[in-house]
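Report on the following structure.
Fair warning: this is a prediction, and the values are worked out from it, not measured in the lab. Each chain gets a letter, A, B and so on, in the order its sequence line appears, and its residues count up from 1.
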Amino acid sequence: MTVIYLDNNATTCIDPEVLQAMLPYLTQFYGNPSSMHSFGGQVGKAVQQARAQVAALLGAEDTEIVFTSCGTEGNNAAIRAALAAQPDRRHIITTAVEHPAILNVCKQLEKQGYSVTYLSVDSQGQIELMELEAALTGNTALVTTMYANNETGVIFPVEQIGLRAKDVGALFHVDAVQAVGKVPIDLKSSSIDLLTLSGHKLHAPKGIGALYIRRGVRFRPLLLGGHQERGRRAGTENVPGLIALGKAAELARLHLPQVKQEKQLRDRLEQGLLRTIADTQVNGHPTLRLPNTTNIGFKYIEGEAILLSLNQYGICASSGSACTSGSLEPSHVLRAMGLPYTILHGSIRFSLSRFTTEAEVDQVLAVMPGIVERLRALSPFNSDQADWLQDRQAAMAVAP
Amino acid sequence: MWDYTEKVLELFYNPKNQGTIDALDEPGTAVVFGEVGSIACGDALRLHLKIDIAADRILDARFQTFGCTSAIASSSALTELIKGLTLDEALRVTNREIAEFLGGLPEAKMHCSVMGQEALEAAIYKYRGIELEAHDEDEGTLVCSCFGISENRIRRVIIENNLTEVEQVTSYVKAGGGCGSCLVGIEDILASVQQEKAATSKRLQTELATASQRPLTPIQKINRIQQVLDEVRPMLMADGGDVELYDVNGDVVQVILKGACGSCASSTATLKGAIETRLKEEVLPSLVVEAV
């Protein structure tokens with residue numbers, strides 16, 4: 001069965017050109033870039049080229065890019081560095097809908113004596129700048145928000161957030177893992193101080209990422225050891241990975257102008273599903289959204305059952321339902337948006353890539369109505385008025 | 001991805017006995033349904049039964065389920081298991097049997113099988129006119145406020161499934177799977193159940209050792225019958241009932257069954273059987289129980 005891969009916010013395929021670029025570094029060019037001999041030195045040059053490619057995608061300078069192992073490392077390093085640089089400030093601002101790689105770091109910092117403000121989002125997944133302004137104080141060391149949400153694709157007004165952070169002298173970190181390569185980013189003219197990206201979300205392999213550190217921002221490394229990455233990230237470089245990331249960044253930059261085609265396919269999918277299936281809604285802001293992501297709530301049925309049904313047709317998607325979260329609670333993002341349980345448990349995220357075709361989208365449109373119809377026929381719920389739906393809704397108030 | 005068995009997937013893709021049963025006023029039959037869960041919890045099951053009144057037997061069973069793959073498969077498995085059983089037989093179906101019918105469930109999904117067993121009880125109690133409140137295990141102290149799980153319910157799932165870890169309790173009844181603030185409380189319940197179990201088996205061992213030397217005197221026999229009844233009493237009380245020893249006449253143990261359990265002829269029979277089994281195991285194989 002051919003796979004229809006619409007789960008690109010989870011991970012992406014490696015672009016064949018990226019694979020071609022990295023392969024020699026898994027075979028003949030195995031030298032250590034730090035070595036004095038030219039066999040290693042040629043690899044060092046390739047590393048510099050990869051760094052330049054990543055910098056070009058972000059509108060940054062080469063020296064502002066540090067290679068990491070993944071988005072999680074980038075986020076951890078950025079937060080720790082920002083706090084270490086301002087030891088007298090003990091307050092952090094983030095949002096309720098961040099990735100666990102931010103939220104769990106913040107929760108641990110709370111135990112270490114930091115206070116953390118978790119900005120709320122509205123029903124469209126958007127934050128309110130007034131709430132941010134009210135939370136900022138001279139004690140705020142760091143504001144850390146995502147560029148775009150992984151589940152809904154909702155894009156935050158990062159420049160606006162950054163300008164307000166600057167007003168109180170706080171550093172501003174952006175988890176841009178989902179945004180890089182999907183929206184144009186120019187850090188030269190930006191209020192962002194630190195920015196995390198991950199390779200496997202933009203057609204590079206897993207195990208490589210990068211952290212942007214604005215020149216002039218004091219940085220404290222997470223890993224101590226050798227002098228690699230100018231002392232900012234010790235450990236022998238993942239050379240094949242970062243070569244791949246460099247190539248992937250270059251390709252992403254070239255593809256950015258065509259991202260509207262991805263958006264057209266996403267819209268075709270989204271509108272098609274809303275048109276052909278009753279009791280559905282899009283979760284997230286209608287326009288301030290990544291061009292590749294749609295998160296749709298199918299009422300009265302459960303997400304995992306939908307995914308397993310799609311799986312029969314080789315279609316890959318994901319869900320924010322409790323049964324798929326591994327935690328028995330539905331997605332913290334959708335709950336923070338205050339969505340009703342009928343939507344929460346039946347939410348499906350389709351995330352496209354530049355490799356997605358119209359035929360693939362049409363195949364989803366062809367099978368999805370039947371899947372939903374079958375599961376709804378099994379379900380005891382069929383309307384918001386069903387009395388069984390009301391019980392415990394109030395008792396199970398949305399968690400923070 | 002969950003590691004589902006072929007049977008789970010088969011019953012998910014092609015479920016048997018889905019839907020409702022219309023009450024058609026067929027003479028000699030009754031139609032009833034029982035429900036558990038809610039949309040807030042992420043799974044809910046409404047189980048419909050058609051019952052042969054005279055034979056006290058399940059003629060047909062259908063389900064409506066809101067939930068994941070394993071919730072749907074468990075519901076379908078339940079209906080397959082109970083069709084043709086008498087109500088008393090059906091009440092003895094455990095969540096473990098549902099899971100076994102499916103060739104096993106991932107541990108994190110065991111609560112789907114528990115849900116099936118609970119819906120079955122709900123339907124039968126409803127048919128028998130037993131106030132659900134009286135049988136509601138959720139009467140006890142609330143332990144998990146996220147999912148509304150009581151101490152009684154946690155105790156029961158621990159005992160019936162031989163659970164030893166907090167994570168297992170979360171997998172079976174969801175307790176502790178929300179904010180996590182009750183995890184310590186669940187640990188305490190696990191510890192107390194294990195202590196009770198250890199104490200019981202130790203006592204039995206000493207008693208068996210003594211018993212093997214001499215036959216039981218009437219006083220010893222009565223004392224040990226009383227001890228067993230004391231052990232089952234908390235479980236009966238959780239279900240709104242009670243038991244009292246009336247007399248012991250040779251091998252005939254006469255008990256008085258009280259409360260919700262005593263009000264209903266067939267549940268009395270079940271209860272009598274359950275007490276008798278324990279007495280036979282723990283006191284003397286020749287004992288029989290008589291409700292007076």
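B/Phe12 CZ to A/Leu308 CG: the interatomic distance, rounded to the nearest 0.5 Å, is 5.5 Å. Separating the CD atom in B/Gln18 from the CZ atom in A/Arg374 is a distance of 7.5 Å, to the nearest 0.5 Å. A distance of 7.5 Å separates OG1 of B/Thr69 from CD of A/Glu302, quoted to the nearest 0.5 Å. B/Ser76 contributes atom OG, which lies 9.0 Å from atom CG of A/Leu378 (distance to the nearest 0.5 angstrom). Note that CG of B/Leu9 and CG of A/Asn311 are 9.0 Å apart. Values are rounded to the nearest 0.5 Å. To the nearest 0.5 Å, the span separating OG on A/Ser309 from CD1 on B/Ile72 amounts to 7.5 Å.
Each of B/Phe66, B/Phe33, B/Phe63 was evaluated against A/Pro380; a single residue qualifies, B/Phe66, per the side-chain contact (heavy atoms from CB on, under 4.5 Å) test.
Around atom CD of A/Glu373, no more than 12 heavy atoms belonging to other residues, nucleotides or ligands sit under 6.0 Å away. Within 6.0 Å of atom CD in B/Glu6, 12 or fewer heavy atoms from other residues, nucleotides or ligands are found, so the atom counts as exposed in its surroundings. Few gaps surround NZ on A/Lys206; more than 12 heavy atoms of other groups in view lie less than 6.0 Å from it.
With a 4.5 angstrom heavy-atom cutoff, A/Ile301 touches chain B only via backbone atoms. At a 4.5 Å heavy-atom cutoff, the contact between B/Tyr13 and chain A is made by backbone and side-chain atoms alike.
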